[in-house]
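For clarity, every value in this text was computed on a predicted model and none was experimentally measured.
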Amino acid sequence: MTVEEFVAAALPPVPARLLEVGCGAGDLARSLAARGYDVTAIDPHAPDGPLFQQVTLEAFEDAEPFDAVVANTSLHHIHDLTAALEKIRGLLRPGGVVILNEFGWDRMDERTARWAASRLPPDEAEAVKDFLNGWNAEHGELHTSVAMSQALDAAFIRRSFEWVPFLAAHEIERPDLAAEELALIESDEINAVGFRYVGERA
């Protein structure tokens, strides 16, 4: 299931009012708008266009509540996680949903790193030799999956939480390897690094 399919399956019906936090280049926001949703997408480096605002979550304000807030691999970057989730909660109407596609860098272990490194292109041989240390050095200051999960459950009523493949698409940049990654996760040969969460504001 793609990120768009996952998000769309968790959303309330069209024409719900959606906020995407950390929209990046805006592909997901545009796709959801094309489905008929009323989308506002924020990011300090958001593209130009009527859907987008170049603003941080901390500085964003809107007079009307949202039916859903979507964050696609952006929550782990936010410094004050508790404050960010409280802000998101305040932007949602009662019963509104928060939908996250994320990853837990802390889930990387030697066997998972060995598989990921073995699928890198041959010209990245140096990265293969030291994949795990490089991964930890790059991501070590980000929020862990445990911290994010606990903070989410403190702020929202959990509807669903699922570990999913992440490395093939995002780290190795070989989406065709997602089925292999999933099979290895299901056979407990590697860890799942990605996770998808849906919560509800009480």
Side-chain angles (χ1 to χ4, degrees), residues 1-104 142-143 145-166 169-170 192 194-202:
M1 181 184 293
T2 67
V3 173
E4 182 185 344
E5 290 168 343
F6 158 68
V7 171
L11 285 172
V14 169
R17 193 161 187 264
L18 313 183
L19 173 67
E20 184 183 4
V21 176
C23 65
D27 294 342
L28 180 59
R30 292 187 192 94
S31 297
L32 295 174
R35 289 174 177 257
Y37 288 102
D38 179 5
V39 178
T40 299
I42 64 172
D43 192 299
H45 306 290
D48 295 328
L51 300 180
F52 304 105
Q53 295 186 33
Q54 294 178 352
V55 64
T56 64
L57 173 63
E58 294 82 358
F60 176 73
E61 298 291 343
D62 199 289
E64 297 296 324
F66 290 89
D67 299 301
V69 174
V70 177
N72 180 27
T73 60
S74 59
L75 185 66
H76 61 268
H77 286 295
I78 295 174
H79 177 68
D80 190 333
L81 188 58
T82 300
L85 293 177
E86 189 59 31
K87 180 66 177 280
I88 288 172
R89 189 177 184 280
L91 291 166
L92 282 168
R93 64 167 177 80
V97 294
V98 58
I99 305 167
L100 303 179
N101 180 59
E102 263 298 347
F103 77 97
L142 302 178
H143 299 299
S145 60
V146 174
M148 286 187 280
S149 177
Q150 290 176 344
L152 285 162
D153 286 342
F156 301 100
I157 300 167
R158 182 186 290 201
R159 281 190 181 178
S160 65
F161 183 102
E162 180 185 14
W163 290 108
V164 295
F166 180 87
H170 298 279
F195 70 88
R196 292 174 175 175
Y197 173 96
V198 180
E200 179 181 334
R201 181 190 166 177

For the residue pair His45 and Gln54, confirm or rule out a side-chain donor-acceptor distance under 3.5 Å. no
Mind checking whether Val70 and Leu19 have side chains closer than 4.5 Å, heavy atoms only? no
Would you say that Leu57 contacts Leu91 through its side chain, given a criterion of any heavy-atom pair below 4.5 Å between the two side chains? yes
Point-to-point distance, once rounded to the nearest 0.5 Å, from SG of Cys23 to CD1 of Ile42: 8.0 Å
Closest non-hydrogen atom pair, [X] against [Y]:
X	Y	value
Phe156	Leu92	CE2-CD1, 3.9 Å
Phe6	Leu100	CE2-O, 3.5 Å
Ile99	Ala10	CD1-CB, 3.7 Å
Phe52	Ala29	CE2-CB, 3.9 Å
Pro12	Ala68	CD-CB, 4.2 Å
Arg89	Ala202	NH2-O, 4.2 Å

Applying the side chain to side chain contact (heavy atoms under 4.5 Å, CB included) criterion to Leu18, which one of Leu51, Val7, Leu11 satisfies it? Leu11
Just by distance, do the side chain of Glu102 and the backbone of Leu75 share a donor-acceptor pair under 3.5 Å? yes
Check whether Lys87 reaches the backbone of Thr82 with its side chain - one donor and one acceptor, N or O, closer than 3.5 Å. no
Using side-chain hydrogen bond (donor to acceptor under 3.5 Å, both in side chains) as the criterion, list what pairs up with Ser149, not counting sequence neighbours. Arg158
If the condition is side-chain hydrogen bond (donor to acceptor under 3.5 Å, both in side chains), which residues does Asn101 pass it with, not counting sequence neighbours? Asn72, Arg196
Indicate, with yes or no, if the rings of Phe195 and Phe161 have centres closer together than 6.0 Å. yes
Pair Arg17 + Asp62: basic N to acidic O under 4.0 Å: yes
Could you tell me whether Arg35 and Glu4 have a side-chain N and a carboxylate O separated by less than 4.0 Å? yes
Give me the ring orientation class for Phe103 and Phe166: parallel if the planes are under 30° apart, tilted from 30 to 60°, perpendicular past 60°. parallel
Between Asp67 and Arg201, is the salt bridge (Lys or Arg N to Asp or Glu O under 4.0 Å) condition met? List the steps. CA-CA 10 Å; Asp67 299 301; Arg201 181 190 166 177; over 6 Å; no
